[in-house]
Amino acid sequence: MNEPAKALPGASRAVAIGSGLTGTLAAQALSGCVSDAIVLERDYLPERPEPGKGLPQARHGHHLFYSGGVNAMEIILDKVTDRLLDAGAHRIPLPTGMLAYFPQGWYRRWPATHFLIACSRDLVDFTVRELVAAETNIHFSKA
């Protein structure tokens with residue numbers, strides 16, 4: 001279980017700008033330190049995983065490279081990996097689950113030591129936003 005965050009002296013509200021992965025995780029990380037966390041977003045927030053208006057790269061494939069990034073996100077948002085996998089993301093063991101060719105030749109495979117989570121940007125943003133929105137002191141607001 002994650003250690004509870006300590007309240008910031010005199011702080012009652014935190015504001016995160018943007019409901020993408022960074023802004024939403026920032027609000028989650030700050031939520032234990034303040035009484036109210038607000039995520040400001042200028043665009044429409046979809047009710048399911050779909051591209052946002054102001055996010056042209058949303059249609060590209062995304063992955064949370066390597067297990068280090070995924071593990072860091074798990075510290076801030078418990079069970080996010082399980083939710084992504086339940087929603088259709090793929091856990092790819094590295095280097096056993098992929099082929100890679102370099103100028104020196106094919107990258108050698110050996111038992112998995114790391115992994116990556118592969119899915120659409122829409123799915124990452126939506127899943128994280130859905131988990132964070134379930135927190136009682138985090139609110140999403142139109143900027």
Original post:
Under 4.5 Å between any side-chain heavy atoms of R48 and D122, yes or no?
Top reply: no
**OP:** Could you go through the side-chain contact (heavy atoms from CB on, under 4.5 Å) check for L45 and S19 one step at a time?
**Re:** CA-CA 8 Å; L45 293 177; S19 67; 2.9 Å; yes
**OP:** Measure the shortest side-chain to side-chain distance between F115 and H90 over non-hydrogen atoms and say whether it is less than 4.5 angstrom.
**Re:** no
Subject >> salt_bridge(R83, E130) N-O dist < 4.0 Å >> reply: yes
Subject >> Beyond-backbone contact of N137 with S35, side-chain heavy atoms, under 4.5 angstrom >> reply: no
Subject >> side-chain contact (heavy atoms from CB on, under 4.5 Å) between L94 and T113, worked out >> reply: CA-CA 6 Å; L94 299 176; T113 55; over 6 Å; no
Subject >> Common cluster, L123/L131, ILVMFWY with side-chain heavy-atom separation under 4.5 Å >> reply: yes
Subject >> H139 atom NE2, over 12 foreign heavy atoms within 6.0 Å >> reply: yes
Original post:
Are more than 12 heavy atoms from other residues, nucleotides or ligands located less than 6.0 Å from atom NZ of K79?
Top reply: no
**OP:** Search all heavy atoms of A16 against all heavy atoms of G23 and return the closest pair with its distance.
**Re:** CB-O, 3.3 Å
Subject >> Linked, directly or transitively: Y44 and I38 (ILVMFWY side chains, under 4.5 Å) >> reply: no
Subject >> Side-chain heavy-atom pair Q28, I138 within 4.5 angstrom cut-off >> reply: yes
Original post:
Does L85 reach the side chain of I117, with side-chain heavy atoms less than 4.5 Å apart?
Top reply: yes
Subject >> No-hydrogen, no-angle side-chain donor-acceptor test under 3.5 Å, E135 and S31 >> reply: no
**OP:** Could you please spell out the steps behind the side-chain contact (heavy atoms from CB on, under 4.5 Å) verdict for M73 and L25?
**Re:** CA-CA 8 Å; M73 204 162 78; L25 288 175; 3.7 Å; yes
Original post:
Closest approach of A143 and L40, non-hydrogen atoms and distance?
Top reply: CB-CB, 4.1 Å
Original post:
Say you draw a straight line from SG of C119 to CZ of R91; how long is it, rounded to the nearest 0.5 Å?
Top reply: 14.0 Å
**OP:** Over all heavy atoms of both residues, which pair between C33 and A29 is shortest? Give the atoms and the distance, please.
**Re:** SG-O, 4.4 Å
Subject >> Test item: P46 and F126 side chains (from C-beta on) under 4.5 Å apart, heavy atoms >> reply: no
Original post:
Is there a donor-acceptor pair under 3.5 Å between the side chain of E41 and the backbone N or O of I17?
Top reply: no
Original post:
Does any non-hydrogen side-chain atom of R13 lie less than 4.5 Å from one of V34?
Top reply: no
Subject >> Gap between atom CG of N71 and atom NE2 of H114 - 0.5 Å precision >> reply: 10.0 Å
**OP:** Decide whether L116 and Y107 are clustered together by the hydrophobic rule: side chain heavy atoms of Ile, Leu, Val, Met, Phe, Trp, Tyr closer than 4.5 Å, transitively.
**Re:** no
Original post:
Just wondering, more than 12 heavy atoms not from R42 lying within 6.0 Å of its CZ?
Top reply: no
**OP:** Applying side-chain contact (heavy atoms from CB on, under 4.5 Å), name anything that partners A133, two or more places apart in sequence or on another chain.
**Re:** F140
Subject >> Rounded distance [0.5 Å steps], CZ in R121 versus CG in L21 >> reply: 6.5 Å
Original post:
For the residue pair I92 and G97, what are the closest heavy atoms and their distance?
Top reply: CG2-O, 3.5 Å
**OP:** State, with a plain yes or no, whether a side-chain heavy atom of D125 is found less than 4.5 Å away from one of T24.
**Re:** no
Subject >> Co-membership, hydrophobic cluster, residues I76 and V80, 4.5 Å side-chain >> reply: yes
